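Input: a single structure, listed below in structure tokens.
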Amino acid sequence: MKLLYVPILVLLYLVPVAAGPIEKVAELMRQGNVAELTKLFAANVEITMQDDENLYSKTQAGLILDRFFSQNKPTSVKVLHKVNSSQNYVFGVIILNTQKGPYRIAVTLKQTGNTSELIEMRVETEKVK
């Protein structure tokens with residue numbers, strides 16, 4: 001009788017869990033897919049890159065990310081940390097490895113209904129330990 005449950009448990013283990021908004025952002029970064037990433041942006045996005053912090057429109061933020069990804073080709077990505085303790089906000093830290101070295105990217109997404117909008121992105125060079 002117990003053997004009947006083994007295939008069900010194996011199937012449940014193999015079925016991927018639905019990816020959250022942080023995982024979706026991380027995957028788009030791994031691909032360097034600025035067009036799809038821009039679709040997640042709020043109307044205004046706060047972007048900090050190497051101590052240069054500013055509030056940009058969705059279009060301007062897309063151009064900044066496009067320039068970043070053209071200069072730093074992604075090789076891999078890892079979600080280092082995520083916090084979703086609030087119903088309205090999700091925060092995550094992503095390590096993006098590029099051909100020029102690793103970057104630590106902190107993102108904040110605001111939950112609006114069933115969608116998530118990226119409202120803040122902080123890009124810093126990762127300090128390798």
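In what follows, every heavy atom counts, from backbone to side chain, and hydrogens, waters and symmetry copies are set aside. What you are looking at is a predicted structure, and each value in this text was computed from that prediction instead of being measured.
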Backbone N/O of Asp51 and side chain of Thr48: donor-acceptor pair under 3.5 Å
no
State plainly whether the residues Glu27 and Lys24 are in salt-bridge range, i.e. N to O under 4.0 Å.
no
ring-ring contact (aromatic ring centres under 6.0 Å, His included) with Tyr103: which residues, sequence neighbours excluded?
Phe68
Indicate yes or no: at least one non-hydrogen side-chain atom of Met29 is less than 4.5 angstrom from one of Leu37.
yes
For residues Val123 and Ile95: do they belong to one hydrophobic cluster (side chain heavy atoms under 4.5 Å, members Ile, Leu, Val, Met, Phe, Trp, Tyr)?
no
Assess whether atom CD of Gln71 is packed by more than 12 heavy atoms of other residues, nucleotides or ligands within 6.0 Å.
yes
Worked verdict on Lys58 versus Leu40 for side-chain contact (heavy atoms from CB on, under 4.5 Å)
CA-CA 9 Å; Lys58 189 174 192 170; Leu40 298 177; over 6 Å; no
Ionic contact status for Glu117 with Lys110, cut-off 4.0 Å:
no
Shared hydrophobic cluster for Val77 and Met49 (ILVMFWY, side-chain gaps under 4.5 Å):
yes
Give me the atom names and distance for the closest heavy-atom approach of Met121 to Ile105.
CG-CG2, 3.8 Å
List the atom of Phe69, the atom of Pro74, and the distance in Å for their closest heavy-atom pair.
CD2-CG, 3.7 Å
Where the side chain of Gln60 meets the backbone of Ser57, is there a donor-acceptor pair that is under 3.5 Å apart?
yes
Is any side-chain heavy atom of Lys82 closer than 4.5 Å to a side-chain heavy atom of Glu23?
yes
If hydrophobic clusters are built by linking Ile, Leu, Val, Met, Phe, Trp and Tyr wherever their side-chain heavy atoms come under 4.5 Å apart, do Val45 and Phe91 end up in the same one?
no
With a 3.5 Å cut-off and no angle check, do the side chains of Ser76 and Asn97 form a donor-acceptor pair?
yes
To the nearest 0.5 Å, tell me how far Arg104 CZ sits from Lys127 NZ.
8.0 Å
In Å and rounded to the nearest 0.5 Å, what is the CD to CZ distance from Glu120 to Arg122?
5.5 Å
To the nearest 0.5 Å, what is the distance between CG on Asp52 and CD1 on Ile64?
7.5 Å
How long is the straight-line distance from CG of Leu28 back to CD1 of Ile94, given to the nearest 0.5 Å?
9.5 Å
Taking all non-hydrogen atoms of both residues into account, name the closest pair between Ala61 and Phe41 and its distance.
CB-CE1, 3.6 Å
Heavy-atom closest pair (Ala42 atom, Ile119 atom, distance to 0.1 Å) is CB-CG2, 3.8 Å
So, do Leu109 and Val107 sit near enough that their side-chain heavy atoms are less than 4.5 Å apart?
yes
Is it the case that one hydrophobic cluster holds both Val25 and Tyr56, taking links as side-chain heavy atoms less than 4.5 Å apart, direct or via other members?
yes
Taking all non-hydrogen atoms of both residues, which atom of Thr98 and which atom of Gly101 are closest, and how far apart?
OG1-O, 2.6 Å
Closest non-hydrogen atom pair, Ile22 against Gly92
CD1-N, 3.6 Å
Going from CG on Asn72 to CG on Leu65, what distance comes out if it is rounded to the nearest 0.5 angstrom?
11.0 Å
